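To start, the structure under review is shown below, and the notes come after it.
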Amino acid sequence: MVKIIVSLLGILLILGSLASVGTADTEYDPNDYYGSWAAKLDAEFKAGSFDTSAPKYDPNTGFSITSTPPGAEIFVNGANEGITRSLKAKEILGLIPGEYNVTLSFPGYSDFAGNFTVNESEIKNIEAVLTLI
């Protein structure tokens, strides 16, 4: 008889705790699990405040570069982008639209340098003629 009473009390205790789980009066707070960035992200979705005006990567934006003499090193904003070719222009694509400093260097020749603006979906041709020192 004692076993039956203890079993019934155990069942009542389990049922009571299960019933209290779903009766919370507070609203779900995303910060409980995700942290403060979740509230900011939720606010941005509601307000529609995403910045869509930022320039985007475009695989058809860049430069097509040839040089005389061929084989000159190409630097775009100081980063080495390879060398010019003798039969075909060297293409540097996938740039964000904007202004770039392009420098070509070849031993024994003066450097070719210039600032070039490339627009969205534009491949700007650069034909550099380096002069002998």
Side-chain angles (χ1 to χ4, degrees):
M1 184 74 167
V2 175
K3 287 184 180 182
I4 294 175
I5 294 174
V6 172
S7 297
L8 287 175
L9 287 175
I11 292 173
L12 288 175
L13 179 66
I14 292 172
L15 289 176
S17 64
L18 288 176
S20 66
V21 170
T23 59
D25 293 331
T26 59
E27 185 178 333
Y28 172 72
D29 183 10
N31 292 328
D32 290 343
Y33 182 78
Y34 294 106
S36 61
W37 66 268
K40 181 179 184 303
L41 185 62
D42 189 43
E44 287 180 356
F45 272 121
K46 289 178 183 171
S49 64
F50 289 108
D51 183 14
T52 58
S53 64
K56 294 186 173 104
Y57 167 84
D58 185 356
N60 297 319
T61 300
F63 298 109
S64 176
I65 302 174
T66 59
S67 72
T68 304
E73 284 187 282
I74 304 168
F75 298 93
V76 176
N77 287 346
N80 190 331
E81 296 292 338
I83 61 171
T84 58
R85 303 171 183 166
S86 57
L87 298 176
K88 184 178 175 186
K90 170 71 174 173
E91 292 185 340
I92 301 167
L93 302 175
L95 299 177
I96 294 173
E99 186 171 325
Y100 292 89
N101 178 278
V102 178
T103 304
L104 281 81
S105 178
F106 192 81
Y109 289 80
S110 59
D111 289 349
F112 173 88
N115 292 324
F116 298 92
T117 301
V118 63
N119 298 315
E120 186 174 347
S121 296
E122 173 188 28
I123 298 175
K124 184 161 297 249
N125 292 317
I126 299 174
E127 296 177 7
V129 178
L130 286 75
T131 56
L132 196 59
I133 295 178

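Computed from a prediction, not measured in an experiment: that's the story for all the values here. Note that these values count all heavy atoms, side chains included, but never hydrogens, waters or copies made by symmetry. Starting from 1, each residue takes its place in the sequence as its number.
Qualifying side chain to side chain contact (heavy atoms under 4.5 Å, CB included) partners for Asn60, counting only residues two or more places apart in sequence or in other chains: Asp58. Remark: Thr68 engages no residue in a side chain to side chain donor-acceptor pair (under 3.5 Å) (not counting sequence neighbours). Annotation: side chain to side chain donor-acceptor pair (under 3.5 Å) contacts of Thr66 (sequence neighbours excluded): none.
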Listing, residues 99-108 side-chain donor-acceptor contacts under 3.5 Å, not counting sequence neighbours, or none:
{"from": "Tyr100", "atom 1": "OH", "to": "Ile96", "atom 2": "N", "distance (Å)": "3.2"}
{"from": "Tyr100", "atom 1": "OH", "to": "Ile96", "atom 2": "O", "distance (Å)": "2.5"}
{"from": "Asn101", "atom 1": "OD1", "to": "Thr103", "atom 2": "OG1", "distance (Å)": "3.2"}
{"from": "Asn101", "atom 1": "ND2", "to": "Asn115", "atom 2": "OD1", "distance (Å)": "3.0"}
{"from": "Ser105", "atom 1": "OG", "to": "Asp111", "atom 2": "OD1", "distance (Å)": "3.2"}

Which pairs would a plain distance check flag for residues 124-132, meaning a side-chain donor or acceptor within less than 3.5 Å of a matching protein atom at least two apart in sequence or in another chain?
{"from": "Lys124", "atom 1": "NZ", "to": "Thr117", "atom 2": "O", "distance (Å)": "3.2"}
{"from": "Thr131", "atom 1": "OG1", "to": "Ser110", "atom 2": "OG", "distance (Å)": "2.7"}

Return all side-chain donor-acceptor pairs below 3.5 angstrom for residues 81-95, not counting sequence neighbours, or 'none' if the list is empty.
{"from": "Thr84", "atom 1": "OG1", "to": "Ser67", "atom 2": "OG", "distance (Å)": "2.6"}
{"from": "Thr84", "atom 1": "OG1", "to": "Gly71", "atom 2": "N", "distance (Å)": "2.9"}
{"from": "Thr84", "atom 1": "OG1", "to": "Ala72", "atom 2": "N", "distance (Å)": "3.0"}

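By the rule that hydrophobic residues join a cluster once side-chain heavy atoms approach within less than 4.5 Å of another member, Phe116 and Ile74 end up as members of one cluster.
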